[in-house]
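The block underneath contains the structure these notes are about, expressed in structure tokens.
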Number of protein chains: 2
Amino acid sequence: MQQIRLAVDAIIFGYKEMELYVLLIQQKFGSQNSYWALPGGLVKEDESLIDAVKRELQEETNVKVNYLEQLYTFGDDITRDPRNRVVSVAYFGLVDPTKLILKADTDADNVAWVKIKNVPNLAFDHNEMITKAIMRLKDKLTYKPIGFGLLPEKFLFSELENLYTTILEKEIDRRNFRKKMLSFGIIEETEEFANKKSGRPAKLYKFKYSEYQKLERDGYHFEIKFA
Amino acid sequence: MQQIRLAVDAIIFGYKEMELYVLLIQQKFGSQNSYWALPGGLVKEDESLIDAVKRELQEETNVKVNYLEQLYTFGDDITRDPRNRVVSVAYFGLVDPTKLILKADTDADNVAWVKIKNVPNLAFDHNEMITKAIMRLKDKLTYKPIGFGLLPEKFLFSELENLYTTILEKEIDRRNFRKKMLSFGIIEETEEFANKKSGRPAKLYKFKYSEYQKLERDGYHFEIKFA
DNA sequence: ACATTTTGTGTAACTCATACACAAAATTAA
DNA sequence: TTAATTTTGTGTATGAGTTACACAAAATGT
């Protein structure tokens, strides 16, 4: 009789002020006590995988995501969990900075947004999961307009630009970037201005998801690249 | 106590003479008796996922693959297997036409290469798996040189070209295709000629995998597109 | 030898990506 | 109130890469 346990884990990214964050939890009790880890846990008998991730996220962090997709299933290292054979389906998700606020710590858990550069040694193979998720994020940013999942509904063009430069770690020419982005017709200029401390006032923009869906149906291909 | 079962399934593609095939089995006994299905089965306690796929392929079909990667984990439909809760990690693989020969049927199974266009209603959600695998194959063909996994070691340029037109269902300009393909420097011309029934004799070519690895290390990006 | 099949090759037009600089509108400091 | 600072917003010329396109060469079969 098979005794493999099935878990889900979530790599949730947040972005704010030129920094990429990942959502981590610390179980106050349990075997891998002091380690930080990704939110996740065992799948219930009568629960779909995606529901399991959402439930764990809700229970452990109270974060709601803008975007969520299956990343990879980790099950080649038999001893990735030293206690039992556990295979974990990892999901990767994006939240906007308005949600970079966490509920007060529960009795059992600490929750924190940690800068990608400062991620410590995590429990299990969770560092590997994050590495894989970052690769996916970088790749996908260039051929799907998922970056908007990391921004508030209305955003500055400069925020969008900085998001790309930050995550891809590349320079971008502002004029070319704007030209390319606008050429898809999936971004709408609003009449509102952001209140900023300094510099010329800037209009807020919105991502038109429905326009993008239309393009996708027509087989149109989003793609944004840099030298 | 969790009672979810964990399985693997394999979507294995073969290509020959302008046709794309998928490898199917038919269990002669068992509950979903007469249905054809993908090769696959439960993962053993002490077995990695990838080993499980390879073992099942070996046991059920005796086919060795040129290329194998994890595709997707199917576990959102709780009743995808009507008997038990089974979550299945699907892998997608490629074999070259020299291997499009199958061992004699075992006592328990029929095995067959079935043209993509002729795939019948399969057991479980296996049609869905194939659909997803075809999408992945089409996408990946354009940005990774995996097509060679469907060809013999030495092949004609026209075979490579036909493989692309067949799978992507698009026309290609022969001159542009050749120019682009050769521009990567990952294809080598041999001194051998193929024996064909008619037409001008054609040289055989080889895929230089090591050259491609070198390019990849240098961050070079393979990409082949069509109008 | 003539028809048929399939391979192998070059160039011109055009599209798209890239490189590049300065004025405008606000805030802050002198 | 003037000047310095910060950030937004915009156009064009060059070059690289993609696309479109046609015919001769080498074999086999009739």
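Lettering follows sequence order; numbering is per chain, from 1. Predicted, not measured: the structure shown is a model, and the values here were computed from it.
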Selection: residues 182-189 of chain A, any non-hydrogen atom under 4.0 Å of DNA chain C: none
Would you be so kind as to tabulate the donor-acceptor pairs closer than 3.5 Å made by side chains of residues 216-224 of chain B, with sequence neighbours excluded?
{"unit_1": "B/Glu216", "atom_1": "OE2", "unit_2": "B/Lys144", "atom_2": "NZ", "d": "2.9"}
{"unit_1": "B/Glu216", "atom_1": "OE2", "unit_2": "B/Tyr212", "atom_2": "OH", "d": "2.8"}

Restricting to nitrogen or oxygen on both sides, can you table the protein-nucleotides 28-30 of chain D pairs closer than 3.5 Å?
{"unit_1": "D/dT28", "atom_1": "O3'", "unit_2": "B/Lys197", "atom_2": "O", "d": "3.2"}

Not counting sequence neighbours, which residues clear salt bridge (Lys or Arg N to Asp or Glu O under 4.0 Å) with [X]? List them please.
{"X": "A/Lys206", "answer": "A/Glu153"}
{"X": "B/Arg55", "answer": "B/Glu47, B/Glu59"}
{"X": "A/Glu69", "answer": "A/Arg136, A/Lys140"}
{"X": "A/Lys203", "answer": "A/Glu189"}

Of residues 143-167 of chain B, the positions that come close to DNA chain D - non-hydrogen atoms, cut-off under 4.0 Å: none
Qualifying residues under side chain to side chain contact (heavy atoms under 4.5 Å, CB included), relative to [X], sequence neighbours excluded:
{"X": "A/Lys196", "result": "A/Leu156, A/Ala194, A/Ala202"}
{"X": "A/Lys138", "result": "A/Ile134, A/Ile167, A/Leu168, A/Glu169"}
{"X": "A/Thr98", "result": "A/Asp96, A/Pro152"}

Which atom pairs link the protein and nucleotides 20-24 of chain D when you take only N or O atoms and keep those under 3.5 Å?
{"unit_1": "D/dA20", "atom_1": "N7", "unit_2": "B/Asn176", "atom_2": "ND2", "d": "3.0"}
{"unit_1": "D/dA20", "atom_1": "N6", "unit_2": "B/Asn176", "atom_2": "OD1", "d": "3.2"}
{"unit_1": "D/dC21", "atom_1": "N3", "unit_2": "B/Arg175", "atom_2": "NH2", "d": "3.4"}
{"unit_1": "D/dC21", "atom_1": "N4", "unit_2": "B/Asp173", "atom_2": "OD1", "d": "3.4"}
{"unit_1": "D/dC21", "atom_1": "N4", "unit_2": "B/Arg175", "atom_2": "NE", "d": "3.4"}
{"unit_1": "D/dA22", "atom_1": "N1", "unit_2": "B/Arg175", "atom_2": "NH1", "d": "3.2"}

